[in-house]
Amino acid sequence: MTTPLIAGLSVAAAALAGRYGIQAWQAFKARPPTARMRKFYEGGFQPKMTRREAALILGVRESTPADKVREAHRKVMVANHPDAGGSHYLASKINEAKDIMLGNSKNSGSAF
């Protein structure tokens, strides 16, 4: 007598678990997509580069030590060097950002 009762309760529990699983999956699929990578700075360059913009270009904080700035500059330049198919304009902006972060800005702006 108890065997059919246990079997019926098991079937009912499996049906409820399946229903909950389907609802959870649909809610998961309907959620808005989230960015899995960090968000990069959107927008063009400012007329006169600031320390904040220089740090954003190099991907470092404004208070980063000089050796880390040089390391970040090297990484960004390898990816954007004109000899490797990169842009001369971006290379000049990257170099300008390094100069501003290191505090040895010779001129007021890039070559472009």
Side-chain angles (χ1 to χ4, degrees):
M1 183 73 177
T2 61
T3 305
L5 180 64
I6 292 174
L9 288 176
S10 298
V11 169
L16 287 174
R19 181 178 173 199
Y20 176 74
I22 291 171
Q23 287 176 348
W25 177 252
Q26 288 174 346
F28 176 75
K29 286 188 350 185
R31 68 185 171 91
T34 57
R36 296 190 187 264
M37 300 176 82
R38 74 176 196 203
K39 184 138 173 76
F40 290 102
Y41 178 67
E42 293 179 1
F45 295 110
Q46 298 174 4
K48 181 167 174 28
M49 187 176 292
T50 63
R51 191 164 173 83
R52 178 182 177 272
E53 185 180 20
L56 286 170
I57 289 170
L58 295 176
V60 296
R61 294 180 186 258
E62 292 182 44
S63 60
T64 303
D67 59 332
K68 296 288 184 184
V69 169
R70 287 187 191 96
E71 182 180 330
H73 172 263
R74 190 171 296 117
K75 286 181 182 179
V76 175
M77 273 306 280
V78 165
N80 295 293
H81 199 275
D83 291 345
S87 165
H88 290 281
Y89 178 72
L90 288 179
S92 71
K93 285 298 196 178
I94 293 166
N95 287 330
E96 182 183 358
K98 180 192 76 164
D99 290 340
I100 287 177
M101 289 298 292
L102 295 178
N104 53 3
S105 181
K106 298 174 203 142
N107 55 10
S108 62
S110 69
F112 292 96

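All values derive from a computational prediction rather than experimental measurement.
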**Prompt:** Hey, does Leu58 have a side-chain heavy atom less than 4.5 Å from the side chain of Met101?
**Reply:** yes
**Request:** Any chance you could measure Met77, atom CE, to Asp83, atom CG, to the nearest 0.5 Å?
**Result:** 8.5 Å
**Asked** Take atom CZ in Arg61; do more than 12 heavy atoms of anything else shown fall under 6.0 Å from it?
**Response** no
**Asked** Which value, rounded to the nearest 0.5 Å, describes the distance between Leu90 atom CG and Asn95 atom CG?
**Response** 11.0 Å
**Prompt:** Within a strict 4.5 Å, meaning less than it, do heavy atoms of the Met49 and Ile57 side chains meet?
**Reply:** yes
**Request:** Check whether any side-chain heavy atom of Glu96 sits under 4.5 Å from a side-chain heavy atom of Lys93, and report yes or no.
**Result:** yes
**Prompt:** Can you name the closest pair of heavy atoms from Ala91 and Asn80 and give their distance?
**Reply:** CB-O, 4.3 Å
**Message:** Between Arg74 and Glu71, is the salt bridge (Lys or Arg N to Asp or Glu O under 4.0 Å) condition met? List the steps.
**Reply:** CA-CA 5 Å; Arg74 190 171 296 117; Glu71 182 180 330; over 6 Å; no
**Request:** Could you give me the CA-CA distance, side-chain angles and deciding distance for Arg70 and Leu102, then say whether side chain to side chain contact (heavy atoms under 4.5 Å, CB included) is met?
**Result:** CA-CA 9 Å; Arg70 287 187 191 96; Leu102 295 178; 4.1 Å; yes
